[in-house]
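Every chain is numbered from 1, with letters handed out A, B, ... down the list of sequences.
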Protein chains: 2
Amino acid sequence: MRLSKKSVYALRALTCLGASTASEVVSIHAIARQERIPKKFLEQVLLALKKAGIVQSSRGKGGGYALRVAPAQVTLGDIIRAIDGPLAPLPCASAVSPVKCPGCLDVESCWLRGVMTEVGAEVSAVLDHITLADLCRRAALSQRRSPHVLMYEI
Amino acid sequence: MRLSKKSVYALRALTCLGASTASEVVSIHAIARQERIPKKFLEQVLLALKKAGIVQSSRGKGGGYALRVAPAQVTLGDIIRAIDGPLAPLPCASAVSPVKCPGCLDVESCWLRGVMTEVGAEVSAVLDHITLADLCRRAALSQRRSPHVLMYEI
DNA sequence: TTATTGTCTACCAATTAAATAGGAATTATG
DNA sequence: CATAATTCCTATTTAATTGGTAGACAATAA
Ligand code: FES
Ligand code: FES
């Protein structure tokens with residue numbers, strides 16, 4: 001039930017983008033420095049977010065990333081799903097792409113699947129009603145008290 | 001956000017025990033055969049459940065395991081926590097044993113921690129209102145349609 | 001043309017999960 | 001008592017996943 005580091009990086013990077021205006025782009029380098037995320041790793045994270053339609057990019061000199069949708073339109077669930085895959089507690093309990101769990105005989109009559117599908121739905125509901133705008137608001141508040149913009153070199 | 005195989009084994013083993021009367025014990029061997037779980041692995045699972053106070057055991061010939069509390073008294077949350085540890089999505093967001101996440105500077109002012117603590121609390125609430133009795137009821141229903149007691153030898 | 005930036009794929013290292021192994025301790029029973 | 005059946009405990013091995021690195025390639029602005 002743990003969030004991967006990749007997802008956490010995604011969340012931090014996105015609040016970074018959410019803080020900028022929609023029109024201006026932010027480079028991987030800038031995000032990596034500000035959030036202290038390994039640059040090449042962040043590269044993969046942002047690529048995944050792009051493929052999920054959450055961010056857009058422009059290449060070449062002066063290029064970078066920006067949100068593709070309004071912060072209030074993208075949810076925590078969207079972000080985590082884009083990085084870590086389905087939120088369901090079991091492979092068979094995914095709403096989008098259910099597959100039989102290894103070791104189970106019959107996915108149809110599996111009672112665990114029934115319970116876990118419901119659990120997954122409730123977890124999704126929780127994560128899908130928290131938006132990136134909420135995260136940005138919180139981040140802004142806590143930064144006022146203790147800014148964590150650093151001078152480290154990546 | 002995935003349940004470990006160990007937890008799934010625990011759930012299956014416990015419904016097995018829940019199906020028996022509280023007084024009679026069931027051996028690891030019997031559970032392993034019925035649920036098709038590697039015997040030595042199941043041993044560790046049950047040991048953990050015992051240390052968490054969910055089951056009790058009797059040793060020696062004719063020994064085995066039984067529930068220590070009524071099926072309606074133990075929740076999905078209890079079981080998963082006993083096997084996989086805290087339900088919180090991040091180390092810092094655990095209600096019982098919060099520790100700073102590697103990479104974060106200050107656990108106090110971390111905004112991610114705030115959000116994730118709330119998420120964790122909601123997930124816990126979901127899992128803590130489903131009881132072992134519920135699982136057993138479901139298991140009994142689905143087995144009526146398609147019994148998965150096997151003749152395999154472990 | 002060159003510097004800067006994102007894209008893509010492969011690879012390596014570290015950690016965790018899953019499974020196996022083997023012996024010690026305990027107990028019922030003949 | 002001797003034996004077989006059982007849980008208890010720890011260590012080891014193996015497999016899978018995660019976290020991170022590398023480098024060639026493509027696009028773009030200046
Ligand atoms: S098919 Fe997923 S638990 Fe049975
Ligand atoms: S301390 Fe856990 S995310 Fe910051």
| message | What's the closest nucleotide to the side chain of A:Arg59 if the choices are D:dG19, C:dG6, D:dC8? | response | C:dG6
| request: Starting from the C-alpha separation in whole Å, work towards a yes-or-no answer on side-chain contact (heavy atoms from CB on, under 4.5 Å) for B:Leu127 and B:Thr75. | output: CA-CA 7 Å; B:Leu127 293 176; B:Thr75 71; over 6 Å; no
| Nearest-Å distance, CD (B:Gln44) to C1' (D:dT6)? | 17 Å
| query | Does a side-chain N-to-carboxylate-O contact under 4.0 Å join A:Arg2 and A:Asp84? | reply | no
| request: Assign B:Gly60 to base, sugar-phosphate, or nothing according to its heavy-atom contacts below 4.0 angstrom with the strands shown. | output: base
| request: Would you indicate which nucleotide in C:dA18, D:dG20, D:dA5 comes nearest to any side-chain atom of A:Phe41? | output: D:dG20
| Is any side-chain nitrogen or oxygen of B:Ser57 closer than 4.0 Å to OP1 or OP2 of D:dC8? | yes
| Is any side-chain nitrogen or oxygen of A:Tyr9 closer than 4.0 Å to OP1 or OP2 of D:dG20? | yes
| query | OP1 or OP2 of D:dC8 sitting under 4.0 Å from any side-chain N/O of B:Lys50? | reply | yes
| field | Whole-Å distance separating the CE atom of B:Met1 from the P atom of D:dT18 | value | 13 Å
| request: Grab the CG-P distance between B:Leu47 and D:dT7 for me, whole Å please. | output: 11 Å
| Closest-nucleotide 5' rank along DNA chain D - winner of A:Lys5 and B:Ser27 | B:Ser27
| query | Side chain of A:Lys40, base of D:dG23: donor and acceptor closer than 3.5 Å? | reply | yes
| query | Of A:Glu43 and B:Leu42, whose nearest nucleotide on DNA chain C comes first from the 5' end? | reply | A:Glu43
| said: Under the criterion side-chain contact (heavy atoms from CB on, under 4.5 Å), I'd like the reasoning laid out for B:Leu141 against A:Trp111: C-alpha separation, chi angles, the key distance, then a yes or no. | reply: CA-CA 8 Å; B:Leu141 283 175; A:Trp111 55 270; over 6 Å; no
| Expressed in angstrom and rounded to an integer, what is the separation of A:Gln56 atom CD from C:dT5 atom C1'? | 16 Å
| query | Thinking salt bridges, do A:Arg138 and B:Glu118 make one under a 4.0 Å N-O criterion? | reply | yes
| In whole angstrom, what separates A:Tyr65's OH from D:dA27's C1'? | 13 Å
| query | How long is the line joining CG of A:Leu3 and C1' of D:dT18, in whole Å? | reply | 13 Å
| Taking 4.0 angstrom as the limit, do A:Arg113 and A:Asp106 come out as a salt bridge? | no
| Rounding to a whole Å, what distance do you find between A:Leu46:CG and C:dT7:P? | 9 Å
| query | Do any side-chain nitrogens or oxygens of A:Lys6 fall under 4.0 Å of OP1 or OP2 in D:dT17? | reply | no
| B:Arg2 has an atom CZ; how far is it from atom C1' of C:dT16, in whole Å? | 17 Å
